[in-house]
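Some notes on the structure that comes next.
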Amino acid sequence: MSARPIETRTLRLLGICAFASMASMRVCDAMLASLATEFSATMGQVARTISGFALAYGVLQLFYGPLGDRYGKLRIIGFATLACTIGSAAAAISPTLEWLVASRILSGVAAAGIIPLTMAWIGDSVAYEGRQEVLARLLGATVFGMICGQWLGGLIADLAGWRAAFILLAVLFLVGGAMLAKRARAWAPPLRSGSVSACCRMSSVLASPWARVVLLVACIEGALAFSALAFIPSHLQARFGLSMSMAGAIVALYGIGGLLYSRCASMLVQRLGESGLARTGGACLGIAFATIASARAWQWALPACLLAGFGFYALHNTLQTHATQMAPAVRGTAVSLFSCALFFGQSLGVLAAAWIVDTRSSSMVFALSAAGLPLLGAAFASLVGRRQRQAREA
């Protein structure tokens, strides 16, 4: 059998696993109100289903890279996907909120090994001239998973109860993980042991001042952007009386905005440059969240969510580009640290936003993000511009 058909089928399976991983990450966004009612808890308490997943997802990425290198990336992705089945099934039968939070943490631990290792496998298996196209298809799968998680999570919760959404995820993880684990046997590499410890590789990344800047910006970006995103559905439900499915469908426009950016990214980079793109992304996020904070009608959330998705990916894509160049000699470790910083920031941001929602209002969360993200984008754009000028002068 030729390598090309195997590669194509494998990529499809990886796309299914990546789709399920991102859908699982965002599935609780539109059902927070339902969970609060089910467990007689506050919105801040049930938000731990989001922050717990994000924190586990971010931290565990540091461990999956070495595992994939030693035992085979496809094999680890398959096992991680099957482990997500356990987390989703446990969430579906949760008798208490604590059980549900623990199940979400388990899902985050397992899901952390899917998308990063998929990107690494593509880098290993696809020639450079075709790699960008393949990575774009992976981006499409992950963004589509985010859209379905936000929208279908609320829709299914409305129609059949929130537990049904986790049952559906468990089935998807089981099928995708089993098929990929079977296919991984044909790709299993010989076992290898690294000559340089993980701690040494991390230290070499953190020794770079520019790497520390990129990691700090990623952490702040995750805290400000994802904390606001997580509370948009519950804000729309509480303020305008929308159903969970309707609120989830509106927030799904965030993903549509991301897809729109991916289609015109090349043109925007050529016209605006990296600095201009980061500044534009921050400005779009500021306008979007300010609109949601002050909107008098729910219809304003439609263009706001679309603009927020476009702006986030404009800023984040610039950060990703620099993350891949922070430490070329240990690029895998550098990208893992970047992802860890992003999701660590997301977890802290959601926890802080939950406290603000419980003690103040959800509008204040959006207002803070609207003020902070344009400043972050402008500051990073200025630093990128200075770095580029120094490189030219050198």
Side-chain angles (χ1 to χ4, degrees), residues 26 29-30 32-33 43 47 50 143 146-147 149-151 153-154 220-265 268 272 276-318 345-346 349-350 352-354 356-381:
R26 300 259 61 101
D29 288 5
L32 290 182
M43 201 67 69
I50 299 174
V143 173
M146 180 179 70
I147 294 171
Q150 291 169 327
W151 175 46
I220 298 173
E221 179 200 39
L224 292 175
F226 284 111
S227 61
L229 175 65
F231 285 94
I232 293 176
S234 56
H235 174 78
L236 295 176
Q237 294 170 49
R239 186 162 184 174
F240 302 111
L242 300 182
S243 66
M244 285 186 292
S245 56
M246 185 64 176
I250 291 174
V251 179
L253 288 170
Y254 183 94
I256 300 296
L259 287 176
L260 178 62
Y261 167 77
S262 69
R263 294 297 181 269
C264 56
L268 289 173
L272 301 177
L277 201 55
R279 190 175 288 107
T280 299
C284 289
L285 285 164
I287 294 170
F289 289 132
T291 300
I292 294 173
S294 60
R296 298 296 182 90
W298 65 265
Q299 288 85 351
W300 283 102
L302 297 171
C305 287
L306 187 69
L307 184 63
F310 182 92
F312 173 78
Y313 282 96
L315 174 58
H316 188 65
N317 185 241
T318 307
Q346 175 181 343
V350 170
I356 294 173
V357 170
D358 284 347
T359 59
R360 301 290 182 178
S361 68
S362 54
S363 293
M364 182 173 289
V365 173
F366 304 126
L368 290 172
S369 294
L373 285 165
L375 293 175
L376 182 69
F380 185 65

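Below, all heavy atoms of this structure are taken into account, side chains as well, without hydrogens, waters or symmetry copies.
- Distance CD1/I256 to CD1/I147: 3.5 Å, rounded to 0.5 Å.
- Heavy atoms only, all atoms of each residue included: A354 and A47 are closest at CB-CB, 4.1 Å.
- Residues satisfying the side chain to side chain contact (heavy atoms under 4.5 Å, CB included) test with L260, not counting sequence neighbours, are F310.
- For the atom pair CG (L302) and CG (L307), the distance works out to 12.5 Å, reported to the nearest 0.5 Å.
- Atom CD1 of I232 and atom OG of S362 lie 10.0 Å apart (nearest 0.5 Å).
- Every pair passing side chain to side chain donor-acceptor pair (under 3.5 Å) that includes a residue from residues 363-374 is listed here, sequence neighbours excluded: R239-S363.
- Summarising the geometry, atom CZ belonging to F380 is positioned 10.5 Å from atom CG belonging to L277; distances are rounded to the nearest 0.5 Å.
- The shortest heavy-atom contact between Y261 and A314 is CE1-CA, 3.7 Å.
- Put simply, CD1 on I50 and CZ on R26 are 6.5 Å apart, with the number rounded to the nearest 0.5 Å.
- Nearest heavy atoms, R279 versus A381: NH2-CB, 3.5 Å.
- The ring-ring contact (aromatic ring centres under 6.0 Å, His included) contacts involving residues 223-245 comprise F226-F312, H235-F366, where partners must be two or more places apart or lie in separate chains.
- In terms of heavy-atom proximity, A230 sits nearest to V350 at CB-CG2, 4.4 Å.
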- Walk me through it: do L229 and V251 pass the test side-chain contact (heavy atoms from CB on, under 4.5 Å)? CA-CA 8 Å; L229 175 65; V251 179; 3.7 Å; yes

- Query: Checking side-chain contact (heavy atoms from CB on, under 4.5 Å) for the pair I356/L368: CA distance, chi angles, key distance, verdict?
  - Reply: CA-CA 10 Å; I356 294 173; L368 290 172; 3.7 Å; yes

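- Pairing each heavy atom of L32 with each of D29, the nearest pair is CG-O, 3.9 Å.
- For A304 against A288, the heavy-atom pair with the smallest separation is O-CB, 3.2 Å.
- Counting heavy atoms from C-beta on, the side chains of L242 and I250 come closer than 4.5 Å.
- Going from atom CD1 of I292 over to atom CD1 of I287 covers 12.5 Å, rounded to the nearest 0.5 Å.
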